[in-house]
Amino acid sequence: MSERRKQYPFPDFEPKWQRIWGEQKTFRVANPGEPGFDPAKPKFYVMDMFPYPSGEGLHVGHPEGYTATDILSRYKRMRGFNVLHPMGWDAFGLPAEQYAIKTGQHPSVTTAQNIARFKGQLTRIGLSFDWSREVNTTDPSYFRWTQWIFLQLYNSWFDPVKKKARPIAELEAERKAAHPDESAEDRREYLDQHRLAYVAEAPVNWCPQLGTVLANEEVVDGKSDVGGFPVVRRPMRQWMLRITAYADRLQDELSGLDWPESIKLLQRNWIGRSEGSEVDFRLPRRKAKITVFTTRPDTLFGATYMVLAPEHELVDKITTAAQRAAVDAYRNEVAQKSDLERTNLAKEKTGISTGGFAINPVNGQKVPIWIADYVLSSYGTGAIMAVPAHDERDFEFARKFGLEIREVVEPPNPVEGCFSGSGTAINSDFLNGLQTSEAKARVIDWLEERGLGKRSVNYKLRDWLFSRQRYWGEPFPIVWRDGHHEALAETDLPVIPPPLDDYRPTGTIEPPLSKAKDWVQLPGGVRRELNTMPQWAGSCWYYLRYISPTDQQRLVDADAERYWMGGGKPGGVDLYVGGTEHAVLHLLYARFWHKVLFDLGYVSTVEPFQRLVNQGMILGEDNQKMSKSRGNVIGPDEIIEDYGADSLRLYEMFMGPLEATKPWSMAGVEGVYRFLARVWRLAMTENQEGAWELSPNLSEVEPGPQQKKVIHATIKKVTEDVEALAFNTAISQMMIYVNTFTTAERRPVTALRTLLILLNPFAPHLSEELWERLSQRFPTFSGQISQQAWPVWDDTYLVEDEVEIIVQVNGKLRDKITVQKDLDSKAVEEAALAAPKVKESTAGKTVRKIVVVPNRVVNVVVS
RNA sequence: GCCGGGGUGGCGAAAUUGGCAGACGCGCCAGACUUAGGAUCUGGUGGAGCAAUCCUUAGGGGUUCGAGUCCCCUCUCCGGCACCA
């Protein structure tokens with residue numbers, strides 16, 4: 001192919017236009033107050049999830065979303081919007097560090113190389129980014145503000161009454177007023193327990209191979225998401241972010257967003273809000289009680305035993321001497337197990353009796369207390385009341401260990417085995433006869449009156465484990481003095497990582513930064529925090545930095561933020577396009593940080609992203625996921641080399657719906673390439689010497705009525721489809737347009753003009769080039785194409801005088817009639833019955849009914 | 001297991017409110033131009049049948065004058081969650 005002659009000279013003009021756009025800064029957009037800013041225009045902020053610049057470069061999956069947002073950007077500019085369309089680099093994190101360790105090059109070097117490579121590739125696709133707004137998470141002028149946001153988290157607490165973050169200084173003042181005699185030490189402890197960024201000794205996911213802890217979200221099937229190495233649980237002192245404080249808001253405030261319902265659902269499931277109650281079970285002859293969380297307090301009369309997580313703090317107290325050895329053995333056994341083994345659903349339930357008993361608060365009955373690893377220490381209170389008759393897990397456990405199963409809910413229809421649905425309460429004293437929902441309310445009231453329980457909400461969401469034992473990440477703006485953490489001053493930012501030669505993991509829990517002895521040790525026995533932030537940190541707020549990327553005073557300029565993020569909707573960014581793989585993690589974290597910044601007054605919207613669209617995955621030609629090991633990876637460079645950037649763009653959009661997963665096809669690329677060549681030849685022709693010149697068929701005639709109809713139908717279709725991100729059907733319509741004029745002997749230049757503008761967002765190089773060449777002969781092509789106004793369609797060209805109506809007999813197509821548009825039903829009926837095929841098939845039958853759908857269909861029902 | 005999204009020609013896919021299933025593209029077939037065609041142009045192309053006609057949107061049932069579209073059941077593929085009390 002590369003040897004073959006190109007069907008149109010894209011290798012000449014594609015680089016040319018990319019150069020011109022770069023030199024003229026064609027797609028640069030000004031902020032409010034800056035020269036060239038037009039306040040009369042509405043704003044449109046459209047962005048892609050920025051890439052992680054890996055060593056491999058782009059594959060054809062990347063440009064799919066980028067092309068979609070680029071088309072919309074170019075379209076919106078032509079519709080008179082100020083368009084913010086930026087790009088940047090998410091460059092801290094494990095892959096870069098792993099790659100650096102492998103190649104022996106410093107991650108800053110490989111990162112710079114990878115970024116240069118990616119940027120070159122994106123430029124060759126002809127994407128209209130405003131590169132003056134480029135951000136890079138590893139640039140000190142950027143991560144200075146990532147660290148600054150961390151300081152805001154550190155210096156804030158969540159006020160549960162106002163349901164918002166407030167400065168920790170306010171809490172300190174309130175505390176001082178309420179407890180004036182409290183020691184400084186105690187007060188510090190109190191405040192530290194309320195910060196949004198806090199230190200906790202917590203069981204974490206430790207990955208020995210990577211030498212770091214990982215967030216729950218980064219562990220898949222007991223292995224690290226990056227690299228697939230085994231992960232074990234171990235307690236470590238870690239920085240945590242109090243995202244759970246925002247659980248309700250993160251869930252509730254989804255409702256105002258234009259996101260796919262499936263993504264909202266994914267987030268809701270991840271947050272996992274669950275309403276129920278806490279119930280206290282007293283221990284006989286002791287002060288202590290065991291509190292359980294349950295969503296089914298109505299089944300309390302069926303609680304025939306209790307189960308504690310093996311790690312529960314009361315296990316030692318309640319275990320009887322006789323059971324001591326067995327309990328210890330079981331707890332040991334469980335501690336040895338990896339998470340993978342523990343959560344393996346297929347396995348049989350295990351557990352052991354502690355020998356202890358508790359009192360069921362509703363009926364005073366003694367119930368045995370067991371421990372079992374199917375009860376998680378990290379959810380609820382780490383203890384449950386077991387209702388084997390109405391919970392699958394308890395049922396399975398009770399059957400295995402011969403525990404009592406007592407039915408207390410009557411199912412609406414008889415069922416076998418365990419019934420966990422709603423029904424009518426039975427064997428439940430004062431609840432008898434009540435429906436499940438009523439019984440729940442009644443029993444909670446009963447418990448609350450007696451101080452034995454209360455309404456309660458639990459979440460699956462855990463606080464965000466925020467520290468990593470890595471080199472290639474943002475250092476914390478934190479130092480340690482006398483065993484206490486302290487925030488650095490804003491003026492100390494950025495905290496730049498030390499220039500280590502050996503940044504490999506230490507092989508112990510000590511982070512690599514511990515190797516930079518001079519950097520770590522500060523005067524006065526003060527030591528720096530050695531952990532770094534996780535990769536998610538930089539991507540949590542980059543959409544804000546695009547707005548004022550060089551601002552030295554604030555993370556984002558206030559006026560510019562109000563303009564670009566404004567618009568009266570909950571979310572600021574008008575369109576955010578990226579893959580589903582970030583459905584929970586990145587999008588939840590970014591929303592969390594945004595809400596904190598909102599609470600503290602730094603941003604003007606409660607949500608970052610108003611509209612979210614997930615582009616689907618592009619598979620290899622073999623219908624498999626693209627991967628190096630399968631050898632089916634296709635890169636944009638090879639496509640651009642053979643078919644040009646416009647063909648790449650157009651094919652990416654023509655493949656199918658943006659959201660769909662779809663396989664690549666080189667034959668399909670050829671198809672759109674041929675289409676673009678036909679567009680070229682609509683205006684150009686090859687002379688004797690083989691040089692391209694303007695076609696003699698071009699003429700300044702008016703398009704004919706049929707042509708006008710196609711022109712206006714296409715304007716309408718392309719406009720509506722672009723708005724709906726239905727690019728594949730927009731392209732189909734433009735193909736119809738081109739087919740119409742290819743066969744025309746004389747080609748009206750006005751038709752060509754309209755086509756080029758419609759095509760410009762899709763194939764910007766070709767349309768720029770043709771526009772320029774046509775301007776040499778036809779004055780209507782003055783100016784630059786990107787400055788033209790988007791065409792408007794006129795419905796009067798689309799209306800038909802006559803319509804073809806299909807005639808069915810008993811629902812089967814029998815004939816077609818052509819009648820005047822909007823002809824009254826009676827006349828249509830008559831015309832339909834008179835149609836020859838209809839007469840034939842109704843002959844000798846009784847017409848029972850005739851259905852007439854105006855301008856569409858007639859259905860004759862016969863016996 | 002639970003939740004979500006799919007299943008339409010040989011292939012990628014279209015199809016407003018329920019109203020001609022398969023637009024557009026690929027592939028294939030035939031023709032034109034041509035020294036040549038893997039370029040270009042023209043025509044054809046869901047399946048069966050010489051034909052009239054019949055069949056056809058994963059499979060089965062239902063609602064309806066009329067169902068790819070709405071309802072119920074089943075199969076299957078993809079994604080997510082995975083003992084969350």
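A, B, ... follow the sequence lines: proteins, then strands. Residue 1 opens every chain.
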Can a side chain N or O of [X] be found less than 4.0 Å away from OP1 or OP2 on [N]?
X	N	value
A/Lys460	B/G80	no
A/Gln808	B/G19	no
A/Arg268	B/C3	no
A/Lys662	B/G12	no
A/Ser262	B/G80	no

Classify [X] by what it touches in the nucleic acid, base, sugar-phosphate, or nothing, heavy-atom distance under 4.0 Å.
X	value
A/Arg273	nothing
A/Arg681	sugar-phosphate
A/Thr743	sugar-phosphate
A/Val853	base
A/Leu265	sugar-phosphate

Given ring pair (Phe, Tyr, Trp, His ring centres under 6.0 Å), test A/Trp370 with A/Phe397 step by step and report yes or no.
-> CA-CA 10 Å; A/Trp370 286 61; A/Phe397 191 80; 5.6 Å; yes
Between [X] and [Y], is any side-chain donor less than 3.5 angstrom from a side-chain acceptor?
X	Y	answer
A/Asp280	A/Thr291	yes
A/Asn614	A/Glu659	no
A/Thr244	A/Asp463	yes
A/Asp248	A/Tyr459	yes
A/Gln733	A/Thr714	yes
A/Asp721	A/Thr729	yes

On a whole-Å scale, what distance lies between the [atom1] atoms belonging to [N] and [M]?
N	M	atom1	answer
B/C75	B/G66	P	29 Å
B/A48	B/U56	P	15 Å
B/G47	B/G31	C1'	26 Å
B/U57	B/G68	P	7 Å
B/U64	B/C77	C1'	31 Å
B/C33	B/G43	C1'	15 Å
B/G46	B/G62	P	31 Å
B/G79	B/A14	C1'	25 Å

Counting side-chain heavy atoms from CB outward, which of [options] is closest to [X]?
X	options	value
A/Ile384	B/C83, B/A39, B/A85	B/A85
A/Val375	B/G19, B/U40, B/A85	B/A85
A/Val851	B/C65, B/U42, B/C83	B/C65
A/Asn859	B/A13, B/G66, B/C3	B/G66
A/Tyr374	B/C65, B/U40, B/C83	B/C83
A/Asp373	B/G12, B/C65, B/C83	B/C83

Taking any strand in view, what nucleotide pairs with [N] in a Watson-Crick or G-U wobble way, both distances under 3.5 Å?
N	answer
B/A82	none
B/A51	none
B/A58	B/U74
B/A15	none
B/G43	B/C29
B/U63	none

Note to self: Syn or anti for B/G44? Use the chi torsion, O4'-C1'-N9-C4 for purines and O4'-C1'-N1-C2 for pyrimidines, with syn inside 90° of 0.
What the structure shows: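 B/G44: anti.
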### Chi angles and distances behind the side chain to side chain contact (heavy atoms under 4.5 Å, CB included) call for A/Ile243, A/Tyr589
CA-CA 8 Å; A/Ile243 190 171; A/Tyr589 294 155; 4.1 Å; yes
- Message: Between A/Arg406 (side chain only) and A/Phe301 (backbone N and O only), is there a donor and an acceptor less than 3.5 Å apart?
- Response: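 Flag set: sc A/Arg406 to bb A/Phe301 pair under 3.5 Å.
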Is it true that a side-chain atom of A/Arg462 and a backbone atom of A/Lys460 form a donor plus acceptor pair closer than 3.5 Å?
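Here the side-chain-to-backbone pair exists.
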Distance check needed: [N] [atom2] versus [X] [atom1], whole Å only.
X	N	atom1	atom2	result
A/Asp391	B/G1	CG	C1'	14 Å
A/Tyr8	B/U40	OH	P	13 Å
A/Ile618	B/C78	CD1	P	19 Å
A/Phe281	B/A85	CZ	P	17 Å
A/Asp394	B/C83	CG	P	14 Å
A/Phe395	B/G1	CZ	C1'	16 Å
A/Asn614	B/G80	CG	P	12 Å
A/Lys812	B/A52	NZ	P	16 Å

Do any of residues 715-724 of chain A sit with a heavy atom less than 4.0 Å from RNA chain B, and if so which?
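Heavy-atom cutoff 4.0 Å gives no residues at all.
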Between A/Tyr651 and A/Trp664, does the ring pair (Phe, Tyr, Trp, His ring centres under 6.0 Å) criterion hold? Intermediate values first, please. CA-CA 9 Å; A/Tyr651 177 63; A/Trp664 190 262; 4.7 Å; yes
Comparing nearest nucleotides in RNA chain B, the 5'-proximal residue of the pair A/Gly656, A/Val857 is A/Gly656
Between A/Glu804 and A/Thr580, whichever has its closest RNA chain B nucleotide further toward 5' is A/Glu804
Please list each protein N or O that sits under 3.5 Å from an N or O in nucleotides 22-27 of chain B, with the distance.
residue: B/A23; atom: N1; partner: A/Ser732; partner atom: OG; Å: 3.3
residue: B/G25; atom: OP1; partner: A/Asn739; partner atom: ND2; Å: 3.1
residue: B/C26; atom: OP1; partner: A/Arg674; partner atom: NE; Å: 3.2
residue: B/C26; atom: OP1; partner: A/Arg674; partner atom: NH2; Å: 2.9
residue: B/G27; atom: OP2; partner: A/Arg674; partner atom: NH2; Å: 2.9

Below 4.0 angstrom, N of the basic side chain to O of the carboxylate: do A/Asp622 and A/Arg630 qualify?
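A/Arg630 and A/Asp622: not salt-bridged.
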Scanning both residues in full, the closest heavy-atom pair of A/Tyr374 with A/Lys349 reads CD2-CD, 3.6 Å
Base B/C20 to side chain A/Lys816, donor-acceptor N/O within 3.5 Å cut-off: yes
